[in-house]
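Read through the structure below, which is laid out as structure tokens, and then see the notes.
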Amino acid sequence: QVQLVESGGGSVQAGGSQRLSCAVSGYTGSSYCRAWFRQGPGKERERVAAIDSDGSTIYAISVKGRFTISQDNAENILYLQMDSLKPEDTAMYYCAANSFKGWLCRGLAGMTQYDYWGQGTQVIVSS
């Protein structure tokens, strides 16, 4: 059974930084796409960044240059380093995964493309 468990959320002031972690267990495939989504108040869930098993990454325009997605393959942990945070980054952040890689990982950004989800961690950015 695949499990994803996020941690690292909390409150931070605008301009600050925060790092989210997602521990992945139970996935046995050699190819995968892992991503961070977020859902702000009254907004749809959107993908902010993704990384595949080859290390290729993609970012939403709204976070490019401020957020960095990475992974520790040995420990099976996915990270999201968030810098220069803005109040509009306030949201519930979720990690998600599927078995895609390459252009499928980069191009398929919808929620329905992801098979596995964590429970979410809240990030609040105050001005």
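What's counted below: heavy atoms across the whole structure, side chains too, no hydrogens, waters or symmetry copies. All values derive from a computational prediction rather than experimental measurement.
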*Quick one: which residue pairs count as a side-chain hydrogen bond (donor to acceptor under 3.5 Å, both in side chains) with a foot in residues 75-88, not counting sequence neighbours?*
Ser17-Asp83, Arg34-Asn76, Gln81-Asp83
*Can you tell me which residue pairs pass the side-chain hydrogen bond (donor to acceptor under 3.5 Å, both in side chains) test with a partner in residues 116-127, sequence neighbours excluded?*
Glu6-Gln119
*Could you pull out the closest heavy-atom pair between Thr90 and Pro41, with the gap in Å?*
O-CD, 3.9 Å
*Which heavy atom in Gln18 sits nearest to a heavy atom in Gly9, and how many Å separate them?*
NE2-C, 3.4 Å
_Strictly distance-based, threshold 3.5 Å: is any side-chain N or O of Ser53 a donor or acceptor partner for the main-chain N or O of Tyr32?_
yes
*Between the side chain of Gln71 and the main-chain N/O of Asp52, is any donor-acceptor distance below 3.5 Å?*
yes
*Could you list who else is in Ile58's hydrophobic cluster, with ILVMFWY side chains joined at under 4.5 Å, directly or through other members?*
none
*Supply the members, apart from Leu80, of the Ile/Leu/Val/Met/Phe/Trp/Tyr cluster built from side-chain contacts under 4.5 Å; use none for a lone residue.*
Val12, Leu20, Trp36, Val48, Ile51, Tyr59, Val63, Phe67, Ile69, Leu78, Met82, Leu85, Tyr93, Val123, Val125
*Taking the side chain as every heavy atom from C-beta outward, state whether Met92 and Phe37 have any atom pair closer than 4.5 Å.*
no
Check: residues 98-108 side-chain donor-acceptor pairs under 3.5 Å, at least two apart:
unit_1: Asn98; atom_1: OD1; unit_2: Phe100; atom_2: N; d: 3.0
unit_1: Asn98; atom_1: ND2; unit_2: Gln113; atom_2: O; d: 2.9
unit_1: Lys101; atom_1: NZ; unit_2: Asp54; atom_2: OD1; d: 3.4
unit_1: Lys101; atom_1: NZ; unit_2: Asp54; atom_2: OD2; d: 3.1

*Check against side chain to side chain contact (heavy atoms under 4.5 Å, CB included), Glu46 and Arg38*: CA-CA 6 Å; Glu46 63 171 349; Arg38 69 183 180 187; 2.8 Å; yes
*I would like to know whether Arg47 and Tyr114 meet side chain to side chain contact (heavy atoms under 4.5 Å, CB included); could you show each step before the answer?*
CA-CA 11 Å; Arg47 191 179 73 173; Tyr114 286 80; 3.0 Å; yes
*List in chain and number order the residues that pass salt bridge (charged side-chain N to carboxylate O under 4.0 Å, His left out) with Arg66, two or more places apart in sequence or in another chain; answer none if no residue qualifies.*
Asp89
